[in-house]
Structure formats: structure tokens, C-alpha cells
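Fair warning: this is a prediction, and the values are worked out from it, not measured in the lab.
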Amino acid sequence: MFWGGMMKISSVFLLLTFLLLSFAANSKQVWVIPVQGAIGPASSDYISREISLASEQNVALIVLKMDTPGGLDSSMRDIIREITTSSIPIATWVGPSGARAASAGTYILLASHIAAMANATNLGAATPVAIGMQGSQPSPEDVPQAVDNANSASDSSDVDTDTDIAAENKKVSANTTLEKKAINDATAYIKGLAKLHGRNEEWAAKAVTEAASLDAQEALTKNVIDFIADDIDQLVSLSNGREIKLAGTNLLFILEEPDIVERIPDWRFQFLATITNPNIAYILMLVGIYGLLLEFYNPGIGLPGVLGGICLLLAMYALQMLPVNYVGLALILLGIGLFIIEAFNPSFGILGLGGIVSFVLGSVFLMDSDLPAYQIAKPLIYLLSLFLAFFTFIMVFMLLKIRKKQVTTGVNCLLGKLATVTENFESGKGWVEVEGESWQATSKHALTIGQKVVVEQVQGLSLTVTEYDKTE
């Protein structure tokens, strides 16, 4: 009887514990948030706002539908911070088939409460610096402050001894202190994310140190993800009844009859995604600068000043969210300044050519990232540089052409001009009118009012004139 009573008490206690540690939201909604393309300020802002709104509306589950080549380190960390502090379970699903969670996407996947992939998807290649494999050329896909994209070729190193040796040969080489610090920081960070939800820390470290990648089946085998799901319905079904760690507490996730809601990015996301495109921000900056310059030199027009001010403010807002190299920005401004000086104080091309060189170098260095999505397109740089070079060439050509022309203004132009005597000459001195101006003049002959004379010489503010011979 005693043991029977104890068993009943234990059962009741376990049942109460189970109920207390179960997560069952009042809402049955499952929000599916798309995460596509490079992860940047627009993605970070949108996901953060969606998570906050979902928390206010007590949504049952958030699913990040991911297909990304990577993105900026700062934006990635902002997203992860929102995930780890969320009061709502967040699942990251790499799908549909053919999608990838490379680089920054791998970090976000490991940080999520539920990690899933569709078949024929991959993750990995999370090295954060611009370095290559030992014995090979450095890869341009990596850069400090930006998590590289997934174009680095890599493989799993846990299959067998031969694979281990091959992976060791492909180990990322850090040649500078900065690169070593970046790799160590990224390794510790990704291992902490993997450990948070009991996932494979060793492979997570290799994703950084060896740029390792896995497909969905390998990721499941190595305990990098929780399960494979080929669509959202299957993901929600497999998530139901799973134990998750939410806000430091292990809970049993329960969701029946879910209402799946596909979220569509709003206008703010579209706007931020547009202006934080480096090419758009670059063009906005140039339009803003030249618009204000045009307004300053032609006051009262209005439109160039208004448009230039708006464009410049938008460019500044976008650039402060992007990995900008301020040396590159200074070179662009120097180049524009040299063009302005060339236009108003001609140096016959010296300042113009210096401006072109400064402008091109500044444009190339402006974005401190090797991610293709966060670089200024080289054709755009070439096009603008050619335009500026053409403008400089035209300006120099016109200056040289003007130099060959005769002087059309000034006192030297008075030589040979006809003048009219306006005052009788006494002692060889008097006044004449030439080109509508009154000049004091001297002459060897006696001259009377109304007589026509010819200017022979200009000496300071006095003319030397002689009688006009009509027969000539």
C-alpha cells in the first residue's frame, strides 16, 4: 500500500512537472519569415521587427525560411541576439530543396531553437576572414567584419582517416594576428551557439577553421540539425512534441492544428534593402554632392538643392549601416574636390587626372567587404570614371582652343579702333570717345570736336591717337 501510494504521488508530480514545463501558446499561428539573399541591415531590421510583433501577438512558432549565401557579421549577430532572447520558439528551415545556409546562415541555424533542412540543401563554409586554404591561393570570398559567402569549396572531415587527412590539408591558414583573432573569435562564437542547443560543437568549429560544408543528410547524421523536413507542414509536425531550450529552460513544444501564415516583407524592408545596396548608396551620394554643388553655384534654382539634400541624407543613412572604408570615402571626396578646382581654376588636366585617379581608388576601396552583394559594381565605377575623364578632356580641349584665339576684351583691343574727339585738343591733349568710353588722349596734330581719329597706342589710362585718313 505504501509503495502504491508513493507511485501515485510520483506520477502526479511528474504530470504536474510535465504540464508546467510544456510550451503551448494560446495562438496557433506559425509565422513563416523569408530570409533570402545576402543578410544585411535590411534583413536584420525586418527579422527583429517581426520577432517583436510576433511576441506581442503571442504567436506559437516563428520559422525562418532560409536561403542565403552569407552576409554581414554585424547584421548576423543582431539577428542571433533576437533569436536567443526571444520568448517565442524560433525554427530555422533551410529550404526548399536547392537552398543553402552558408556562412552567416550557418550561425543563425545553429542559434535557433529548432534547426531543420530540406533534402538537397547545404550549410557551412563559415570562415570570417579573407584567407585561403594551406597550399592554395587565398580565397577572395572572405573578409574581416563580414561573414564570407558560401563559394569556398570545402568538405566534411569526419568520414574516415583519408578524409581527415584531406581536411587537415585544407585547413584555413591565418597568416596575420588580425586573421587569427577573427578565426578564434568566430570559432568560439559558433561553438557556443552549437552548445546552446546540444548540437555538434566539433563540426561547428570546423565550419570556421576548415570552411567545412555539409548536405542535409550529413548534417542530420552528425547532429548539426534536429531533423529533415521537405516543407513547412512537415517541419511543424516534426517540431510538435520536441523538447526545446527557450530562455534557458527546457520545455516541451506542443502545437496542434497550426495556422501557417506566410509573412511578406513590408515597404520598410524593401526601402532599406534598396538604399543599402552599395551601388544605390554610391549613386545617391554622388547625386547628392553634385546636386548641392550645382545649387551653390546657381542659387535660386531650388530643385538641385532639394534633390541633392534628400539624396545625400539617404546615402549617409545607408552608408552608416554598411561596412564603409572611410579612407575610400575621403578619396572620393578628394577626387570630386579636384574636379571642382579644375573647373574653376584650370590646370590643363593635372588636377582633373588626379581627381580621376582619386575617384577610382576611392570607389574601389569604399566598401570594406569582399562579399559580392556588398561591393560596388566595377562596371558602374568604370562608367562614372569614363564620364569624368571625358568631362576633363572636353574642358582641357576647350581651354587649349581658347588660348589660340585672339584677345577680344581688354585695353589691347582698342588698338586700331576709330574714336571720336569729344573735346578740342590743346597743347596736344584732349578727350576722345571709343567703344562708348571716354579716354584722355594725346596727339601730334590739332584736333577738333567730332573729328574721327585712330587709336595707335595705349599707355596706362591715356591713348595716343592720330587723324583718320578716309582714303585708307
Side-chain angles (χ1 to χ4, degrees), residues 18-36 39-68 71-72 74-95 101 104-105 107-116 189 192-199 225-226 229 232-233 235-273 321:
F18 171 78
L19 292 175
L20 288 174
L21 297 182
S22 295
F23 179 89
N26 295 329
S27 171
K28 296 182 180 297
Q29 284 192 346
V30 176
W31 282 12
V32 180
I33 302 173
V35 183
Q36 297 179 334
I39 293 172
S43 305
S44 172
D45 176 78
Y46 173 61
I47 293 173
S48 298
R49 288 187 293 108
E50 287 290 284
I51 291 176
S52 298
L53 183 60
S55 178
E56 293 175 3
Q57 298 187 13
N58 199 25
V59 172
L61 176 67
I62 296 174
V63 178
L64 301 181
K65 184 180 177 181
M66 181 171 290
D67 182 9
T68 177
L72 300 179
S74 57
S75 300
M76 174 198 75
R77 290 178 182 260
D78 289 341
I79 294 172
I80 290 175
R81 191 177 302 112
E82 292 293 332
I83 292 174
T84 55
T85 59
S86 173
S87 59
I88 296 174
I90 298 177
T92 296
W93 177 62
V94 185
Y107 291 78
I108 294 172
L109 181 71
L110 292 174
S112 301
H113 305 106
I114 299 171
Y189 187 51
L193 296 176
K195 185 177 181 180
L196 187 63
H197 298 290
R199 299 184 180 119
I225 61 174
D226 300 322
I232 299 296
D233 290 329
L235 178 141
V236 175
S237 176
L238 293 174
S239 299
N240 194 23
R242 291 189 64 87
E243 184 179 299
I244 61 174
K245 189 172 185 178
L246 187 65
T249 304
N250 292 327
L251 302 173
L252 195 65
F253 179 74
I254 299 175
L255 179 62
E256 298 178 356
E257 299 180 358
D259 177 19
I260 298 176
V261 179
E262 293 279 350
R263 301 291 291 176
I264 299 176
D266 57 9
W267 69 268
R268 175 169 172 171
F269 170 80
Q270 301 293 349
F271 178 72
L272 286 178
M321 294 190 290

Closest approach of V236 and L61, non-hydrogen atoms and distance? CG2-CD2, 4.5 Å
Specify the closest pair of heavy atoms between I88 and V59, including all atoms of both residues, with the distance to one decimal. CG2-O, 3.5 Å
Start with the C-alpha gap between V35 and Y46, add the side-chain angles, then the distance that decides, and say whether side-chain contact (heavy atoms from CB on, under 4.5 Å) holds. CA-CA 10 Å; V35 183; Y46 173 61; over 6 Å; no
dist T84:OG1 -> L193:CG (nearest 0.5 Å) comes out at 8.0 Å
Where do P41 and L72 come nearest, in terms of heavy atoms and distance? CD-CD1, 3.9 Å
Using the six-membered ring wherever Trp is involved, compare the ring planes of H113 and H197 and label them parallel, tilted or perpendicular (cut-offs 30° and 60°). perpendicular
Given 3.5 Å as the limit, does a donor-acceptor pair link the side chain of D226 with the main chain of A115, or not? yes
Heavy-atom donor-acceptor pair, S52 side chain to S48 backbone, under 3.5 Å: yes
I90 side, atom CD1; E50 side, atom CD - distance, nearest 0.5 Å: 11.0 Å
Of I47, L64, I62, which meets side-chain contact (heavy atoms from CB on, under 4.5 Å) against I83? L64
Look up atom OG in S239 and atom CD1 in I254, then write down how far apart they are to the nearest 0.5 Å. 13.0 Å
Rounded distance (nearest 0.5 Å) linking atom CD1 of I264 with atom CZ of F269: 12.5 Å
Donor-acceptor contact below 3.5 Å, side chain D67 vs main chain Q36: no
Exercise: identify the closest heavy-atom pair between S86 and I51: OG-CG2, 4.0 Å
Minimum heavy-atom separation for S75 to G40, with atom names? OG-C, 3.0 Å
Distance check, rounded to the nearest 0.5 Å: M66 atom CE versus I108 atom CD1? 4.0 Å
Residue pair S44 / I79: nearest heavy atoms and the distance that separates them: CA-CG1, 3.8 Å
From S112 atom OG to I225 atom CD1, the distance as rounded to the nearest 0.5 Å: 12.0 Å
Check against side-chain contact (heavy atoms from CB on, under 4.5 Å), M321 and D45: CA-CA 11 Å; M321 294 190 290; D45 176 78; over 6 Å; no
Flag the pair R199 / L109 as yes when at least one side-chain heavy-atom distance between them is below 4.5 Å, and no otherwise. no
Is there a donor-acceptor pair under 3.5 Å between the side chain of K28 and the backbone N or O of E256? yes
